[in-house]
Amino acid sequence: MPGSRLTAEDRRRIAEGLAAGLTYAEIARRLGRSRSTVTREIARNGGPHGYRPARAQHATNWRARRRRRTPPPAVPHPAGSRGARTAGEFEEQFAAMMVETGMSPMTARVFAALIISESGSLTAAELAQRLQVSPATISNAIRWLAGRRMVAGEREARRMRYYVDADVWYHTWTASARSMAIWADTTRRGADLFGTDTPTGDRLRTTSQFFELLGHDMGQAAAHWRQALSLRTS
C-alpha cells in the first residue's frame with residue numbers, strides 16, 4: 001500500500017479528512033500513507049480548501065496519459081531533496097512544503113519553478129507553458145510574490161522576465177519585520193483606546209508587546225545575516 005498509487009477511494013477519504021479538519025499527518029495515518037504523499041496530493045489538486053476527489057482523480061489520469069506520451073527525462077535530484085528522484089519531483093515537494101506553511105497552491109508552484117530554474121528566472125510565457133496554466137493565473141501569483149518582495153521583474157523587449165533575487169530571504173524577512181511593527185502600533189493604539197485596565201485593553205497591550213519584541217528580534221536577525229553574508233563573500 002505505501003508504495004502504490006492513490007486510488008479514487010483514497011482521494012475520497014482525503015476529502016472527508018479535510019472537511020473534518022484533520023491534519024495532513026492524521027489523514028496520512030488513517031490511509032496508511034506517508035505524510036509527504038498526502039501533502040503533495042492536496043497541493044497539486046487545489047489545496048486544502050479547493051481539493052475535490054473526483055477532479056483530483058481525473059487530473060491524475062490525465063497526467064499519467066501525458067507521461068506515457070512524452071516521458072520526462074530523469075534529471076538527477078539535488079543533494080538533500082529527501083527522496084526526490086528527479087528535479088520535477090523535488091519541485092513538487094518544494095511547492096507542497098510552501099502550501100503546508102500557508103502559501104496558496106498556484107503561488108507556491110510559480111515560486112518553486114522560479115527558484116529551481118538554472119538561472120533563477122523565467123518569463124511569464126515560460127511559466128504559463130511550464131505549469132500549463134493561463135497567463136492571468138501567472139500574473140496573480142506574481143503579484144502576490146512581488147508584493148512580498150519574493151520575486152522581482154524586468155522587461156525584456158516586449159515581455160517580462162521574473163526572477164528570484166539573491167537577497168530574496170533578506171527582503172522577505174525585513175518586510176515581515178515591518179509588518180510586525182504595524183501590528184504592534186495598531187494594537188498599542190487599541191490598548192490606549194479601551195484602557196489597559198479592561199480585559200480588551202489588556203489583551204491588546206499583550207499583543208502589542210509580543211509583536212514589538214518579535215519585530216525587534218527579526219530586525220536584529222536580518223542585520224546579523226547581512227553581516228555574516230558580507231564576511232562570507234569578502
Side-chain angles (χ1 to χ4, degrees), residues 1-69 71-72 74 77-78 80-116 127-128 130-134 136-145 147-148 150-151 169 172 176 179 183 207 210 214:
M1 170 71 76
S4 60
R5 295 181 182 277
L6 290 171
T7 65
E9 174 62 17
D10 291 332
R11 293 187 167 91
R12 183 188 66 79
R13 292 175 63 188
I14 288 174
E16 289 178 349
L18 290 171
L22 300 181
T23 65
Y24 289 6
E26 178 59 20
I27 293 173
R29 187 189 67 79
R30 295 188 180 191
L31 288 178
R33 303 279 185 168
S34 68
R35 179 177 174 177
S36 61
T37 296
V38 171
T39 300
R40 287 196 302 272
E41 166 67 17
I42 295 170
R44 70 170 60 161
N45 291 296
H49 302 296
Y51 185 83
R52 300 293 183 271
R55 188 168 61 193
Q57 184 69 27
H58 176 77
T60 298
N61 292 339
W62 180 84
R63 283 193 293 266
R65 289 194 299 270
R66 186 183 178 197
R67 281 195 295 269
R68 284 195 293 269
R69 290 196 300 267
H77 66 81
S81 61
R82 299 181 62 182
R85 295 184 299 275
T86 68
E89 288 179 351
F90 177 79
E91 184 175 336
E92 289 183 357
Q93 288 183 7
F94 193 90
M97 175 272 295
M98 289 189 290
V99 170
E100 191 169 2
T101 54
M103 190 179 289
S104 70
M106 182 49 62
T107 304
R109 291 181 65 200
V110 169
F111 187 75
L114 283 169
I115 201 169
I116 74 163
L127 283 165
R130 179 182 183 129
L131 301 178
Q132 294 294 293
V133 296
S134 69
T137 299
I138 297 298
S139 178
N140 289 334
I142 289 293
R143 188 179 302 114
W144 190 94
L145 292 165
R148 288 150 184 81
M150 296 180 70
V151 301
W169 303 119
T172 303
S176 296
S179 297
W183 271 85
T207 302
F210 170 79
L214 184 60

Suppose we screen for salt bridge (Lys or Arg N to Asp or Glu O under 4.0 Å). Which residues come up paired with Glu26, at least two apart in sequence or across chains?
Arg29, Arg30

Closest non-hydrogen atom pair between Ala112 and Met98, with its separation:
N-CE, 3.9 Å

Mind listing the closest non-hydrogen atom pair of Val99 and Pro105 along with its distance?
CG2-CA, 3.6 Å

Measure the spacing between CZ of Arg148 and CZ of Phe111 and express it to the nearest 0.5 Å.
12.5 Å

Value for CD1 (Ile27) from CD (Glu41), rounded to nearest 0.5 Å, stands at 10.5 Å

Got a sec: does the CH2 of Trp183 have more than 12 other heavy atoms crowding it under 6.0 Å?
no

CA sep, side-chain torsions, deciding dist, call: Met103, Met150, side-chain contact (heavy atoms from CB on, under 4.5 Å):
CA-CA 12 Å; Met103 190 179 289; Met150 296 180 70; 3.9 Å; yes

Measuring from atom CD1 of Ile115 to atom CZ of Phe94, what distance do you get when rounded to the nearest 0.5 angstrom?
4.0 Å

Walk me through it: do Leu31 and Arg13 pass the test side-chain contact (heavy atoms from CB on, under 4.5 Å)?
CA-CA 8 Å; Leu31 288 178; Arg13 292 175 63 188; 3.8 Å; yes

Consider only side-chain N and O atoms of Ser36 and Thr39, and report whether a donor and an acceptor are under 3.5 Å apart.
no

Stepwise side-chain contact (heavy atoms from CB on, under 4.5 Å) check, Thr86 with Phe90
CA-CA 6 Å; Thr86 68; Phe90 177 79; over 6 Å; no

What closest approach, in Å, do Asp10 and Arg5 show between heavy atoms, and which atom pair accounts for it?
OD2-O, 4.2 Å

Taking all non-hydrogen atoms of both residues into account, name the closest pair between Tyr51 and Ile14 and its distance.
CE2-CG2, 3.8 Å

Between CG on residue Asn140 and CE on residue Met106, distance to nearest 0.5 Å
10.5 Å

Can you list the steps and then say if Ser179 with Ser176 is a side chain to side chain donor-acceptor pair (under 3.5 Å)?
CA-CA 5 Å; Ser179 297; Ser176 296; 5.7 Å; no

Please name the residue in the list Arg33, Gln57, Arg40 that meets the side-chain contact (heavy atoms from CB on, under 4.5 Å) test with Leu6.
Arg33

Identify the heavy atoms of Pro48 and Leu18 that sit nearest to each other, and give their distance.
O-CD1, 4.0 Å

So, taking the atom named CG in Leu127 and the one named CD1 in Ile142, what distance separates them when rounded to the nearest 0.5 Å?
6.0 Å

Glu91 bridged to Arg130 by N-O distance under 4.0 Å:
yes

By side-chain hydrogen bond (donor to acceptor under 3.5 Å, both in side chains), which residues pair with Ser134, not counting sequence neighbours?
Thr137

Using salt bridge (Lys or Arg N to Asp or Glu O under 4.0 Å) as the criterion, list what pairs up with Arg35, not counting sequence neighbours.
Glu100

Minimum heavy-atom distance Arg55-Gly50, with the two atoms named
NH2-O, 2.6 Å

